[in-house]
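Below is one structure, written out as C-alpha cells, with a few remarks after it.
Since this is a predicted model, take the numbers as computed values, not measurements. Just so we're on the same page: letters track the sequence lines, and every chain starts at 1.
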2 protein chains.
Amino acid sequence: MLANTTKEKIVELGRGFIQHGGYHQFNYKQIATELNIKNAAIHHYYPSKEDLGLAVIEKDKQYFEQMNKRVEDKIPMEKIEALFKIYYDYFNDGNKICIIGTFSSAYNEIPEKIQKGAKDYLELVNKWLITTFESGRKSGHFKFKGTAKDLADFWVATLTGAIQIGRIRGAGYFRQILKNLKMTLDSDC
Amino acid sequence: MLANTTKEKIVELGRGFIQHGGYHQFNYKQIATELNIKNAAIHHYYPSKEDLGLAVIEKDKQYFEQMNKRVEDKIPMEKIEALFKIYYDYFNDGNKICIIGTFSSAYNEIPEKIQKGAKDYLELVNKWLITTFESGRKSGHFKFKGTAKDLADFWVATLTGAIQIGRIRGAGYFRQILKNLKMTLDSDC
DNA sequence: TTGACTACTTACCTGTAGGTAGGTAACTTT
DNA sequence: AAAGTTACCTACCTACAGGTAAGTAGTCAA
C-alpha cells in the first residue's frame, strides 16, 4: 500500500473497508475518521459513493496487473502461487474477501456502473486463469482433463466461495481448499 | 412459501430480501411496503433486525431439513439433485444467493448471534454433504478420491461462489459449475 | 502580487434507518 | 361482561447516511 496522497489513501482505505464489510456496510465516515479529515473532503475527491466504488475496482485491478507483470516470466505454478498469495493476504489482513466476491454478493443492489466494473474485472481474471492454465498444460507443468476455460470458471467460483466460507470456518479450512484446488492441476481427470 | 400469518410472511419476505441484497442492504421498510403494514408492526414480531435475521436463518434451516426428509429414502444422486434444485430455485427467483453466502460475505459486520447462527447452519449442511457422500460411496453410486469431508468442504466453497459469480456471468455459467461439481462424484481421482 | 487552483473545513440539508411509546380495535378467555 | 391478549397503527425519536454550498488557507504560476 504505497499511498502517498490523500486521494490514494482514500481509495486504499475504501478498498479495505469494502473488502471487510461490503459495499453497503462501508461508509465515508470510516475513511474520514481513519484519515482525520472531514466527510466532505472525501466527496471532494470522489463526489459519490459510486465514484469511489469504481475507483476501488480500478485499484484492485491495478494490483492484479502488477502481480501479472511480476510473474510473467515465471513458471505457471509460480503464477498460481502469486494469485493464492493475494488471497492469503486478504484473508490474513482482517478477514477480507476479494473485491469480486463483495460485489457479486451485493450485485443486485449496486449501481450499474459498478456492476459493469466488477463484471469486466471478473472477465479479466478469468482470462488470465485460462491463459495460465493453457500455457501450463502446453509446457507440461499442469495436467488436467477438460478445457482450460471450464477449469478457470470452476476456480473462480471456488476461490470466491473459499475465502468467504473461510471467514466462518477459519484459516485451516481456507488453506485446505486452496490446496485441493491446486491438485486439480496435477491430475488426469 | 406457505406463509399464512403475518409473522410468517415477515420472515419469509425478510429471507428473500436478505438473499437478494444482503443483510445490510435489506431493511424493514421493504417488508412493510410489501405487506401493507407499518414498520412498527414488524418490530412487534421481531423487536430488532438481529431477531429477524436469526429467524431467517432458522427458516432457511427448516426448508433444508424438509428437503432432507423428502429425499431420505432416495438414492444419493437424488439427494444431491434436491440440493441443487434449491440453488437453482434461488438463482431463478431474482438472482438470490444462499443464506450462508450472504452472511459469510457480510460476516465481519453482523451481530455475533447471527454469526453463530450462520456457522451452525453451515456445519449442518456440511455434515449432510459428508453423510450423503459417504453413503453414496458405500453403495457404489459415487466414486471419488480423498475423504468425504474434504470433498464436502470443497463443495461448500464452490456452491457458495458459483451462485454469486453466476449473478454476474449468467445462468449458463452457473449450470456449468454445478455440472462439473457433479462430475467430482464419478471420478477415480 | 495577483489570480487561479488545490485541499480541504464548516455548516447544513434530506432521506432513511432502526427503534420505541402509547393507543386502539378486535378477539379470547374466564 | 370484564379482563387480558393480540395485532396492529400513529406518532415520534435518534442516529447517521450521502451529499452540497460556501468559505478559507496555502501553493503555484504569470
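- The distance from atom CD of A/Gln25 to atom P of C/dT16 is 20 Å, rounded to the nearest whole Å.
- Atom-to-atom distance recorded for B/Tyr46:OH and B/Asp51:CG is 9.0 Å, nearest 0.5 angstrom.
- Using a 4.0 Å cut-off between charged side-chain N and carboxylate O, B/Glu12 and B/Lys9 make no salt bridge.
- Rounded to whole angstrom, the span from the CD atom of B/Gln30 across to the P atom of C/dT16 amounts to 12 Å.
- Here A/Glu8 does not pair with A/Lys59 in a salt bridge; the nearest charged N to carboxylate O distance is not below 4.0 Å.
- Going from atom CD1 of B/Ile10 over to atom C1' of C/dG18 covers 15 Å, rounded to whole Å.
- Summarising the local packing, NZ of A/Lys61 is surrounded by more than 12 heavy atoms from other residues, nucleotides or ligands at distances under 6.0 Å.
- Neither OP1 nor OP2 of D/dG18 sits under 4.0 Å from any side-chain N or O of A/Ser48.
- Shown here is B/Arg137, whose CZ atom has more than 12 heavy atoms of other residues, nucleotides or ligands within 6.0 Å.
- Among A/Ile10, A/Thr33, A/Asn39, the one residue that satisfies the side-chain contact (heavy atoms from CB on, under 4.5 Å) test with A/Tyr28 is A/Asn39.
- The nearest whole Å value for the distance from the NZ atom in A/Lys29 to the P atom in D/dG19 is 15 Å.
- Counted within 6.0 Å of CD on B/Glu72, heavy atoms from surrounding residues, nucleotides or ligands total more than 12; the atom is thus considered enclosed.
- For the segment residues 37-46 of chain B, the set of residues with a heavy atom within less than 4.0 Å of an atom of DNA chain C comprises B/Ala40, B/His43, in numerical order.
- The separation between B/Phe17 atom CZ and C/dG18 atom P is 12 Å, rounded to whole Å.
- When distances are taken from the side chain of A/Lys49 to each of D/dG19, D/dC8, C/dC8, the shortest belongs to D/dG19.
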Q: Could you walk me through whether A/Lys182 and A/Glu81 pass salt bridge (charged side-chain N to carboxylate O under 4.0 Å, His left out), step by step?
A: CA-CA 9 Å; A/Lys182 222 187 249 178; A/Glu81 263 151 19; 3.1 Å; yes
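- Here C/dC8 presents its C1' atom at 16 Å from CD1 of A/Ile31, a figure rounded to the nearest Å.
- Between B/His24 atom NE2 and D/dA17 atom P the separation is 12 Å, expressed in whole Å.
- Within residues 105-118 of chain A, no residue approaches DNA chain C, by heavy-atom distance under 4.0 Å.
- No close placement of the B/Trp128 and B/Tyr121 rings is indicated, their centers lying 6.0 Å or farther apart.
- For the pair B/Lys7 and A/Phe26, nearest-nucleotide mapping onto DNA chain D gives the more 5' position to B/Lys7.
- Following rounding to the nearest Å, A/Lys9 (NZ) and C/dA7 (P) show an atom-to-atom distance of 13 Å.
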